[in-house]
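Within every chain, numbering begins at 1; the chains are lettered A, B, ... in the order of the sequence lines, protein sequences first and strands thereafter.
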Number of protein chains: 2
Amino acid sequence: MERPELGYLFDRLLRVVIAREEPILAAAGLQMWDHVLLTALARGDAPTQAQLAAETGRDKTRLIGNLDRLVELGLVSRVPDPADRRNRVVSLTTEGRQVLERCQTGIRAMETELLGALPAGERANFERALVALAASLD
Amino acid sequence: MERPELGYLFDRLLRVVIAREEPILAAAGLQMWDHVLLTALARGDAPTQAQLAAETGRDKTRLIGNLDRLVELGLVSRVPDPADRRNRVVSLTTEGRQVLERCQTGIRAMETELLGALPAGERANFERALVALAASLD
DNA sequence: TATTGTTATACTCTATAACTATA
DNA sequence: TATAGTTATAGAGTATAACAATA
(Lines give C-alpha, C1' and ligand atoms only; values in the text may rest on other atoms or scores of the structure.)
Protein backbone atom coordinates (compact mmCIF):
# COMPACT_ATOMS: atom_id res chain seq x y z
CA MET A 1 0.00 0.00 0.00
CA GLU A 2 1.46 3.29 -1.12
CA ARG A 3 1.24 6.06 1.40
CA PRO A 4 1.48 9.78 0.61
CA GLU A 5 4.90 11.37 0.96
CA LEU A 6 6.04 12.61 4.35
CA GLY A 7 6.22 16.16 3.04
CA TYR A 8 2.55 16.07 2.15
CA LEU A 9 1.54 14.54 5.48
CA PHE A 10 3.60 16.85 7.69
CA ASP A 11 2.53 19.91 5.73
CA ARG A 12 -1.10 18.93 6.05
CA LEU A 13 -0.87 18.30 9.79
CA LEU A 14 1.13 21.45 10.45
CA ARG A 15 -1.42 23.61 8.67
CA VAL A 16 -4.24 22.14 10.72
CA VAL A 17 -2.36 22.62 13.97
CA ILE A 18 -1.58 26.23 13.09
CA ALA A 19 -5.19 26.91 12.13
CA ARG A 20 -6.47 25.48 15.40
CA GLU A 21 -3.90 27.29 17.51
CA GLU A 22 -4.66 30.62 15.97
CA PRO A 23 -7.93 31.35 17.82
CA ILE A 24 -6.43 30.14 21.10
CA LEU A 25 -3.51 32.52 20.75
CA ALA A 26 -5.69 35.35 19.46
CA ALA A 27 -7.83 35.08 22.59
CA ALA A 28 -4.68 35.94 24.54
CA GLY A 29 -3.74 38.70 22.08
CA LEU A 30 -0.84 36.70 20.70
CA GLN A 31 0.37 35.79 17.23
CA MET A 32 2.22 32.64 16.28
CA TRP A 33 5.72 34.05 16.68
CA ASP A 34 4.87 35.60 20.03
CA HIS A 35 4.06 32.15 21.28
CA VAL A 36 7.26 30.65 19.87
CA LEU A 37 9.32 33.30 21.64
CA LEU A 38 7.48 33.04 24.95
CA THR A 39 7.91 29.26 24.85
CA ALA A 40 11.64 29.60 24.25
CA LEU A 41 11.96 32.13 27.07
CA ALA A 42 10.07 29.83 29.45
CA ARG A 43 13.06 27.47 29.20
CA GLY A 44 15.27 30.26 30.56
CA ASP A 45 16.28 33.87 29.98
CA ALA A 46 18.05 34.68 26.74
CA PRO A 47 21.41 36.35 27.52
CA THR A 48 21.45 37.98 24.08
CA GLN A 49 18.88 38.59 21.36
CA ALA A 50 21.15 36.90 18.84
CA GLN A 51 21.04 33.72 20.89
CA LEU A 52 17.26 33.86 21.17
CA ALA A 53 17.06 34.34 17.41
CA ALA A 54 19.27 31.30 16.82
CA GLU A 55 17.27 29.13 19.22
CA THR A 56 13.97 29.95 17.57
CA GLY A 57 15.26 29.80 14.01
CA ARG A 58 14.36 33.43 13.54
CA ASP A 59 16.52 36.10 11.94
CA LYS A 60 17.91 38.60 14.46
CA THR A 61 16.48 41.52 12.50
CA ARG A 62 13.01 40.02 12.37
CA LEU A 63 13.12 39.24 16.06
CA ILE A 64 13.21 42.92 16.96
CA GLY A 65 9.67 43.77 15.93
CA ASN A 66 8.31 40.79 17.82
CA LEU A 67 10.17 41.79 20.97
CA ASP A 68 8.99 45.39 20.65
CA ARG A 69 5.47 44.06 20.62
CA LEU A 70 5.94 41.71 23.55
CA VAL A 71 7.60 44.44 25.61
CA GLU A 72 4.73 46.77 24.73
CA LEU A 73 2.29 44.13 25.95
CA GLY A 74 4.26 43.78 29.16
CA LEU A 75 4.96 40.09 28.58
CA VAL A 76 8.71 40.37 28.16
CA SER A 77 11.49 42.54 29.55
CA ARG A 78 14.57 43.55 27.58
CA VAL A 79 17.31 45.14 29.67
CA PRO A 80 20.98 45.88 28.90
CA ASP A 81 23.42 43.46 30.51
CA PRO A 82 25.46 45.49 33.05
CA ALA A 83 28.50 43.32 32.38
CA ASP A 84 28.43 44.12 28.65
CA ARG A 85 26.03 46.87 27.77
CA ARG A 86 25.92 45.85 24.11
CA ASN A 87 23.91 42.77 25.08
CA ARG A 88 20.25 42.85 26.03
CA VAL A 89 18.93 40.18 28.33
CA VAL A 90 15.43 39.06 27.39
CA SER A 91 13.18 37.44 29.98
CA LEU A 92 9.56 36.64 30.66
CA THR A 93 7.64 38.89 33.01
CA THR A 94 5.26 37.37 35.51
CA GLU A 95 2.38 38.31 33.26
CA GLY A 96 4.17 36.82 30.28
CA ARG A 97 4.50 33.52 32.09
CA GLN A 98 0.82 33.57 33.02
CA VAL A 99 -0.32 34.33 29.48
CA LEU A 100 1.93 31.60 28.12
CA GLU A 101 0.58 29.04 30.58
CA ARG A 102 -2.98 29.94 29.65
CA CYS A 103 -2.18 29.37 25.97
CA GLN A 104 -0.41 26.11 26.69
CA THR A 105 -3.45 24.79 28.51
CA GLY A 106 -5.68 25.60 25.58
CA ILE A 107 -3.26 24.14 23.07
CA ARG A 108 -2.87 20.98 25.08
CA ALA A 109 -6.64 20.49 25.01
CA MET A 110 -6.76 21.12 21.27
CA GLU A 111 -3.99 18.58 20.70
CA THR A 112 -5.72 15.95 22.80
CA GLU A 113 -8.82 16.35 20.70
CA LEU A 114 -6.83 16.23 17.47
CA LEU A 115 -5.01 13.05 18.48
CA GLY A 116 -8.32 11.59 19.60
CA ALA A 117 -8.73 10.45 16.00
CA LEU A 118 -6.20 7.73 16.79
CA PRO A 119 -7.12 4.61 18.77
CA ALA A 120 -6.15 5.09 22.42
CA GLY A 121 -3.54 2.36 22.23
CA GLU A 122 -1.77 3.89 19.26
CA ARG A 123 -1.82 7.45 20.48
CA ALA A 124 0.93 7.18 23.09
CA ASN A 125 3.14 5.24 20.67
CA PHE A 126 2.62 7.85 18.00
CA GLU A 127 3.56 10.70 20.31
CA ARG A 128 6.65 8.86 21.48
CA ALA A 129 7.77 8.11 17.93
CA LEU A 130 7.17 11.72 16.90
CA VAL A 131 9.38 13.01 19.70
CA ALA A 132 12.06 10.40 19.00
CA LEU A 133 12.10 11.25 15.32
CA ALA A 134 12.44 14.98 15.96
CA ALA A 135 15.20 14.30 18.48
CA SER A 136 17.09 12.19 15.94
CA LEU A 137 17.58 15.28 13.78
CA ASP A 138 19.82 17.15 16.19
CA MET B 1 6.86 13.71 30.92
CA GLU B 2 6.04 16.85 28.98
CA ARG B 3 6.55 16.62 25.25
CA PRO B 4 7.02 19.62 22.93
CA GLU B 5 3.92 20.95 21.23
CA LEU B 6 2.72 19.34 18.00
CA GLY B 7 3.28 22.60 16.13
CA TYR B 8 6.94 22.58 17.09
CA LEU B 9 7.40 18.92 16.17
CA PHE B 10 5.61 19.05 12.82
CA ASP B 11 7.35 22.26 11.85
CA ARG B 12 10.71 20.76 12.70
CA LEU B 13 10.06 17.58 10.74
CA LEU B 14 8.61 19.39 7.75
CA ARG B 15 11.62 21.65 7.46
CA VAL B 16 13.98 18.69 7.48
CA VAL B 17 11.94 16.84 4.86
CA ILE B 18 11.89 19.91 2.63
CA ALA B 19 15.62 20.42 3.03
CA ARG B 20 16.35 16.82 2.11
CA GLU B 21 13.97 16.80 -0.84
CA GLU B 22 15.41 19.94 -2.32
CA PRO B 23 18.60 18.41 -3.80
CA ILE B 24 16.65 15.42 -5.14
CA LEU B 25 14.22 17.69 -6.95
CA ALA B 26 16.96 20.06 -8.09
CA ALA B 27 18.74 17.14 -9.75
CA ALA B 28 15.63 16.76 -11.90
CA GLY B 29 15.41 20.51 -12.49
CA LEU B 30 12.34 20.82 -10.29
CA GLN B 31 11.28 23.10 -7.47
CA MET B 32 9.01 22.15 -4.59
CA TRP B 33 5.79 23.37 -6.19
CA ASP B 34 6.59 21.66 -9.47
CA HIS B 35 6.70 18.40 -7.60
CA VAL B 36 3.42 19.08 -5.80
CA LEU B 37 1.70 19.78 -9.11
CA LEU B 38 3.17 16.78 -10.92
CA THR B 39 2.11 14.56 -8.01
CA ALA B 40 -1.44 15.88 -8.16
CA LEU B 41 -1.57 15.39 -11.93
CA ALA B 42 -0.31 11.81 -11.59
CA ARG B 43 -3.61 11.05 -9.84
CA GLY B 44 -5.43 12.15 -13.01
CA ASP B 45 -5.75 15.04 -15.44
CA ALA B 46 -7.06 18.33 -14.10
CA PRO B 47 -10.16 19.37 -16.09
CA THR B 48 -9.62 23.02 -15.12
CA GLN B 49 -6.77 25.01 -13.64
CA ALA B 50 -9.03 26.25 -10.88
CA GLN B 51 -9.65 22.68 -9.79
CA LEU B 52 -5.93 21.89 -9.81
CA ALA B 53 -5.32 25.00 -7.72
CA ALA B 54 -7.95 23.93 -5.20
CA GLU B 55 -6.57 20.39 -4.96
CA THR B 56 -3.05 21.58 -4.28
CA GLY B 57 -4.02 24.41 -1.96
CA ARG B 58 -2.49 26.91 -4.35
CA ASP B 59 -4.04 30.17 -5.49
CA LYS B 60 -5.21 30.08 -9.10
CA THR B 61 -3.16 33.14 -9.98
CA ARG B 62 0.02 31.70 -8.49
CA LEU B 63 -0.54 28.43 -10.30
CA ILE B 64 -0.10 30.08 -13.68
CA GLY B 65 3.61 30.78 -13.39
CA ASN B 66 4.28 27.23 -12.25
CA LEU B 67 2.35 25.79 -15.17
CA ASP B 68 4.14 28.09 -17.62
CA ARG B 69 7.39 26.66 -16.34
CA LEU B 70 6.28 23.03 -16.48
CA VAL B 71 4.93 23.46 -20.00
CA GLU B 72 8.20 25.10 -21.00
CA LEU B 73 10.06 22.08 -19.60
CA GLY B 74 7.79 19.76 -21.56
CA LEU B 75 6.53 18.01 -18.42
CA VAL B 76 2.93 19.18 -18.64
CA SER B 77 0.44 19.97 -21.38
CA ARG B 78 -2.24 22.64 -21.10
CA VAL B 79 -4.87 22.55 -23.84
CA PRO B 80 -8.28 24.25 -24.16
CA ASP B 81 -11.22 21.95 -23.53
CA PRO B 82 -13.13 21.64 -26.86
CA ALA B 83 -16.41 21.29 -24.95
CA ASP B 84 -15.90 24.58 -23.10
CA ARG B 85 -13.05 26.61 -24.47
CA ARG B 86 -12.77 28.71 -21.31
CA ASN B 87 -11.33 25.68 -19.50
CA ARG B 88 -7.81 24.39 -19.97
CA VAL B 89 -7.15 20.73 -19.34
CA VAL B 90 -3.82 20.12 -17.64
CA SER B 91 -2.12 16.74 -17.94
CA LEU B 92 1.25 15.08 -17.50
CA THR B 93 3.31 14.38 -20.58
CA THR B 94 5.17 11.10 -20.86
CA GLU B 95 8.35 12.88 -19.91
CA GLY B 96 6.60 14.53 -16.98
CA ARG B 97 5.56 11.15 -15.68
CA GLN B 98 9.10 9.81 -16.03
CA VAL B 99 10.65 12.77 -14.23
CA LEU B 100 8.10 12.47 -11.43
CA GLU B 101 8.78 8.76 -10.99
CA ARG B 102 12.51 9.41 -10.80
CA CYS B 103 11.93 11.98 -8.05
CA GLN B 104 9.57 9.71 -6.17
CA THR B 105 12.16 6.95 -6.10
CA GLY B 106 14.76 9.30 -4.65
CA ILE B 107 12.34 10.72 -2.11
CA ARG B 108 11.24 7.27 -1.04
CA ALA B 109 14.86 6.35 -0.33
CA MET B 110 15.39 9.57 1.63
CA GLU B 111 12.28 8.90 3.70
CA THR B 112 13.36 5.36 4.48
CA GLU B 113 16.64 6.67 5.78
CA LEU B 114 14.93 9.39 7.80
CA LEU B 115 12.51 6.95 9.41
CA GLY B 116 15.42 4.61 10.08
CA ALA B 117 15.92 6.57 13.29
CA LEU B 118 12.90 4.72 14.66
CA PRO B 119 13.10 1.10 15.83
CA ALA B 120 11.93 -1.21 13.04
CA GLY B 121 8.90 -2.33 15.02
CA GLU B 122 7.68 1.21 15.63
CA ARG B 123 8.25 2.48 12.14
CA ALA B 124 5.29 0.83 10.45
CA ASN B 125 2.98 1.81 13.29
CA PHE B 126 4.15 5.41 13.08
CA GLU B 127 3.54 5.60 9.35
CA ARG B 128 0.10 4.08 9.74
CA ALA B 129 -0.85 6.50 12.51
CA LEU B 130 0.44 9.45 10.49
CA VAL B 131 -1.72 8.51 7.52
CA ALA B 132 -4.75 7.87 9.74
CA LEU B 133 -4.34 11.20 11.47
CA ALA B 134 -4.08 13.12 8.20
CA ALA B 135 -7.10 11.25 6.85
CA SER B 136 -9.13 12.18 9.93
CA LEU B 137 -8.91 15.83 8.94
CA ASP B 138 -10.98 15.56 5.76
C1' DT C 1 -24.46 38.28 -16.83
C1' DA C 2 -21.34 34.62 -15.10
C1' DT C 3 -17.07 32.00 -15.34
C1' DT C 4 -12.05 30.65 -16.71
C1' DG C 5 -7.81 32.09 -17.16
C1' DT C 6 -4.62 36.02 -17.20
C1' DT C 7 -2.41 40.29 -15.96
C1' DA C 8 -1.54 44.21 -12.85
C1' DT C 9 -1.28 46.28 -8.44
C1' DA C 10 -0.37 46.51 -3.75
C1' DC C 11 0.95 44.34 0.45
C1' DT C 12 3.59 41.25 3.51
C1' DC C 13 7.43 38.73 4.60
C1' DT C 14 12.17 37.95 4.19
C1' DA C 15 17.20 38.81 3.24
C1' DT C 16 21.01 41.91 2.89
C1' DA C 17 23.43 45.59 3.92
C1' DA C 18 24.41 50.03 6.30
C1' DC C 19 24.32 52.40 10.83
C1' DT C 20 24.84 53.17 16.30
C1' DA C 21 26.62 52.08 20.54
C1' DT C 22 29.47 49.72 23.21
C1' DA C 23 33.77 47.02 23.89
C1' DT D 1 38.71 46.77 15.03
C1' DA D 2 34.95 43.78 16.36
C1' DT D 3 30.36 42.72 18.14
C1' DA D 4 25.11 43.44 19.62
C1' DG D 5 21.40 45.60 18.35
C1' DT D 6 18.86 48.59 15.19
C1' DT D 7 17.28 50.66 10.97
C1' DA D 8 16.81 51.00 5.92
C1' DT D 9 16.66 49.12 1.45
C1' DA D 10 15.65 45.78 -1.92
C1' DG D 11 13.78 41.36 -3.23
C1' DA D 12 10.61 37.33 -3.16
C1' DG D 13 6.29 35.65 -2.20
C1' DT D 14 1.39 36.40 -1.64
C1' DA D 15 -3.31 38.45 -1.95
C1' DT D 16 -6.61 41.37 -4.23
C1' DA D 17 -8.63 43.37 -7.88
C1' DA D 18 -9.16 44.54 -12.71
C1' DC D 19 -9.20 42.55 -17.50
C1' DA D 20 -10.04 39.52 -21.83
C1' DA D 21 -12.20 35.52 -23.76
C1' DT D 22 -15.90 32.40 -23.75
C1' DA D 23 -20.32 30.72 -22.38
Side-chain angles (χ1 to χ4, degrees), chain A residues 7 11-12 14-15 18-19 21-22 25-26 30-37 40-41 44-73 75-92, chain B residues 7 11-12 14-16 18-19 21-22 25-26 29-37 40-41 44-73 75-92:
Chain A
D11 180 67
R12 192 95 199 280
L14 179 60
R15 282 172 195 270
I18 288 175
E21 278 186 14
E22 201 272 336
L25 297 176
L30 297 187
Q31 299 169 0
M32 193 59 58
W33 273 110
D34 297 329
H35 179 246
V36 171
L37 295 177
L41 290 171
D45 294 354
T48 72
Q49 291 184 190
Q51 184 168 320
L52 179 59
E55 274 175 28
T56 55
R58 198 145 182 69
D59 191 273
K60 67 165 184 169
T61 64
R62 280 179 282 152
L63 182 67
I64 294 170
N66 292 115
L67 289 181
D68 289 344
R69 216 174 143 274
L70 291 171
V71 169
E72 180 76 21
L73 291 170
L75 307 182
V76 150
S77 71
R78 174 168 52 173
V79 299
D81 179 355
D84 183 341
R85 306 230 326 278
R86 290 175 304 183
N87 299 338
R88 302 205 171 182
V89 181
V90 184
S91 13
L92 281 185
Chain B
D11 180 67
R12 194 90 201 281
L14 179 60
R15 282 172 195 269
V16 170
I18 289 175
E21 277 186 14
E22 200 271 336
L25 297 176
L30 297 187
Q31 299 169 2
M32 192 60 57
W33 274 109
D34 298 329
H35 179 245
V36 170
L37 296 177
L41 290 171
D45 294 353
T48 72
Q49 292 184 188
Q51 184 168 321
L52 180 59
E55 273 174 29
T56 55
R58 198 146 183 68
D59 190 273
K60 67 166 184 168
T61 64
R62 279 179 284 153
L63 181 67
I64 295 170
N66 292 114
L67 289 181
D68 289 344
R69 215 174 144 274
L70 291 171
V71 169
E72 179 75 22
L73 290 170
L75 306 181
V76 150
S77 71
R78 174 168 53 173
V79 300
D81 179 356
D84 183 341
R85 306 228 328 277
R86 289 175 303 183
N87 299 338
R88 302 205 170 183
V89 181
V90 184
S91 13
L92 281 186

Rounded off to whole Å, could you give me the CG-to-C1' distance for the B:Leu63 and C:dG5 pair?
-> 10 Å
Over how many whole Å does the gap from A:Leu67 atom CG to D:dT6 atom P extend?
-> 8 Å
Rounded to the nearest 0.5 Å, how far apart are CG of A:Leu41 and OG1 of A:Thr56?
-> 9.0 Å
Which value, rounded to the nearest 0.5 Å, describes the distance between B:Arg69 atom CZ and B:Gln31 atom CD?
-> 4.0 Å
State the CG-CD1 distance between A:Asp11 and B:Ile18, to the nearest 0.5 angstrom.
-> 7.0 Å
According to a strict under-4.0 Å criterion, is A:Arg88 in side-chain N/O contact with OP1 or OP2 of D:dT6?
-> yes
Identify the heavy atoms of A:Pro80 and A:Arg85 that sit nearest to each other, and give their distance.
-> CB-O, 4.3 Å
Which value, rounded to the nearest 0.5 Å, describes the distance between B:Ile64 atom CD1 and B:Arg58 atom CZ?
-> 11.0 Å
B:Asn87 has an atom CG; how far is it from atom C1' of C:dT6, in whole Å?
-> 14 Å
Closest to side chain of B:Thr48, choosing from C:dT6, C:dT4, D:dG5 | C:dT4
Can you find a pair of side-chain heavy atoms, one from B:Leu37 and one from B:Leu63, that are under 4.5 Å apart?
-> yes
Residue-phosphate contact under 4.0 Å: B:Gln49 side-chain N/O, C:dT6 OP1/OP2 | yes
To the nearest angstrom, how far is A:Arg78 atom CZ from D:dA4 atom P?
-> 16 Å
How close do B:Asp45 and B:Ser91 get, heavy atom to heavy atom, and via which atoms?
-> OD1-CB, 3.1 Å
Closest approach of A:Leu52 to A:Ala46 (non-hydrogen atoms, all atoms of both residues) = CB-CB, 3.7 Å
Can you check nucleotides 18-23 of chain C for protein contacts, nitrogen or oxygen pairs under 3.5 Å, and list what you find?
residue	atom	partner	partner atom	Å
C:dA23	OP1	A:Arg85	N	3.1

What protein N or O atoms touch nucleotides 13-15 of chain D N or O atoms at under 3.5 angstrom, if any, and at what distances?
residue	atom	partner	partner atom	Å
D:dA15	OP2	B:Arg62	NE	3.2
D:dA15	OP2	B:Arg62	NH2	2.4

